[in-house]
Chemist: 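Structure provided below as structure tokens; questions to follow.
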Amino acid sequence: MGKTLQKPILGAPPEIAADDERLVQQCCVGDQDAWNKLIDRYKGLIYSVPVKYRFSPEDAADIFQSVCVELFTHLSKLRKIESLRSWLVTVALHKCLHWKKQQRRQIEFDAMAQFTGEAMRVAADVLSEIRREQVVRDSLERLSPRCAELINMLFFEQPPVPYTEVAKRLGLATGSIGFIRSRCLRQLQKILQDFDF
């Protein structure tokens, strides 16, 4: 199991890739639920690209929508579903550069060239960070739903959810949250090790 999951290059774990293929096939015959699930799975990945390039939340949301439209348009033409993540990141990067180009049409050419050069220089770092974030998202999908929800509330929601609220949402005693959190983090650490993270 560890060998098949090592060093993902934005590739999905086998079971997620298989699920992606099923969802894409269902999307191609007009299944709205499948489309919603596919977008829900990759919204964090898509949105992370404009965020890394420091677009405003409004522009990042527009770029996200633009990538989703591109995906919808090309869904039936996708040949390698296992490359879906890389395709989404590539499209998002192109949209970011195009968006910035549109915003800067009034600015002299040198300023645009400078942005493009800077964007290309940071692209490798951005891609590496995006990959790491996607590994974490994949790992959270492998946790039990309760552990995934607890970790999301404690570490990903802003501001972090207090223990009392976590306990209330999960139907647990407040005093047990620390113990359960530790157990869930150990499980997450093991999954991340499977990904050679």
Side-chain angles (χ1 to χ4, degrees), residues 1-24 34 36-54 60 64 67-68 71 78 80-93 96 122-167 169-197:
M1 175 176 164
K3 295 197 175 193
T4 59
L5 298 177
Q6 285 181 349
K7 297 186 180 175
I9 313 251
L10 276 185
E15 67 275 14
I16 292 179
D19 194 43
D20 283 350
E21 188 159 358
R22 180 184 60 79
L23 290 173
V24 167
N36 292 339
K37 285 176 186 169
L38 193 65
I39 293 303
D40 192 52
R41 173 170 288 164
Y42 291 117
K43 65 185 175 188
L45 174 66
I46 299 168
Y47 198 82
S48 70
V49 178
V51 168
K52 297 286 181 227
Y53 280 103
R54 296 192 173 103
F64 170 80
V67 173
C68 290
L71 174 61
L78 292 177
K80 294 184 177 178
I81 303 302
E82 66 271 16
S83 300
L84 177 61
R85 294 166 183 222
S86 295
W87 186 87
L88 288 170
V89 169
T90 301
V91 171
L93 285 168
C96 286
V122 299
D125 292 339
V126 168
L127 187 56
S128 174
E129 195 171 342
I130 289 169
R131 285 176 181 150
R132 290 173 64 80
E133 289 171 358
Q134 188 59 41
V135 169
V136 172
R137 283 190 283 268
D138 288 340
S139 299
L140 285 171
E141 279 198 30
R142 291 170 159 260
L143 286 174
S144 67
R146 185 168 75 171
C147 275
E149 190 176 354
L150 184 138
I151 287 174
N152 271 314
M153 283 189 279
L154 292 178
F155 299 104
F156 294 101
E157 285 193 27
Q158 291 301 323
V161 181
Y163 273 22
T164 51
E165 179 63 20
V166 172
R169 287 195 208 172
L170 295 178
L172 300 168
T174 305
S176 68
I177 298 298
F179 170 76
I180 294 171
R181 181 196 69 174
S182 297
R183 192 176 69 206
C184 291
L185 286 174
R186 281 195 300 274
Q187 287 176 22
L188 181 60
Q189 183 180 25
K190 184 177 182 315
I191 294 167
L192 287 169
Q193 286 169 350
D194 286 342
F195 280 107
D196 200 22
F197 187 74

Chemist: From D138 CG over to D194 CG, what is the distance, rounded to the nearest 0.5 angstrom?
Modeler: 12.5 Å

Chemist: Could you tell me if the side chain of F179 sits less than 4.5 Å from the side chain of L172, heavy atoms only?
Modeler: no

Chemist: Salt-bridged, R41 to D20, with N to O below 4.0 Å?
Modeler: yes

Chemist: C96 and P50: which non-hydrogen atoms are nearest, and at how many Å?
Modeler: SG-CA, 3.6 Å

Chemist: Supply the atom-to-atom distance I180 CD1 to L150 CG, rounded to the nearest 0.5 angstrom.
Modeler: 7.0 Å

Chemist: Side chains of Y42 and L84, heavy atoms from C-beta outward: is any pair under 4.5 Å?
Modeler: yes

Chemist: Salt bridge check, D40 against K37: does any charged N sit closer than 4.0 Å to a carboxylate O?
Modeler: no

Chemist: Looking at OG1 of T90 and CZ of R85, how far apart are the two atoms once the value is rounded to the nearest 0.5 Å?
Modeler: 14.0 Å

Chemist: Evaluate side chain to side chain contact (heavy atoms under 4.5 Å, CB included) for Y53 paired with L93, printing each intermediate quantity in order.
Modeler: CA-CA 9 Å; Y53 280 103; L93 285 168; 3.3 Å; yes

Chemist: Side chains of Q134 and R137: do they bring a donor and an acceptor to under 3.5 Å?
Modeler: yes

Chemist: I need the minimum non-hydrogen distance between A173 and A167, along with the two atoms involved.
Modeler: C-CB, 4.0 Å

Chemist: May I have all residue pairs that pass salt bridge (charged side-chain N to carboxylate O under 4.0 Å, His left out) and include part of residues 144-158, sequence neighbours excluded?
Modeler: E157-R169

Chemist: Using a 4.5 Å cut-off on heavy atoms from C-beta on, say whether the side chain of L88 contacts that of L71.
Modeler: yes

Chemist: Can you tell me how far apart CG (L188) and CZ (F155) are? Round to the nearest 0.5 Å.
Modeler: 9.0 Å

Chemist: Do L154 and Y163 make a side-chain contact, defined as non-hydrogen atoms from C-beta onward lying under 4.5 Å apart?
Modeler: yes

Chemist: Going from CD1 on I130 to CD1 on I46, what distance comes out if it is rounded to the nearest 0.5 angstrom?
Modeler: 11.0 Å

Chemist: Could you grab the distance from atom CD1 of I16 to atom CD of E141, nearest 0.5 Å is fine?
Modeler: 4.0 Å

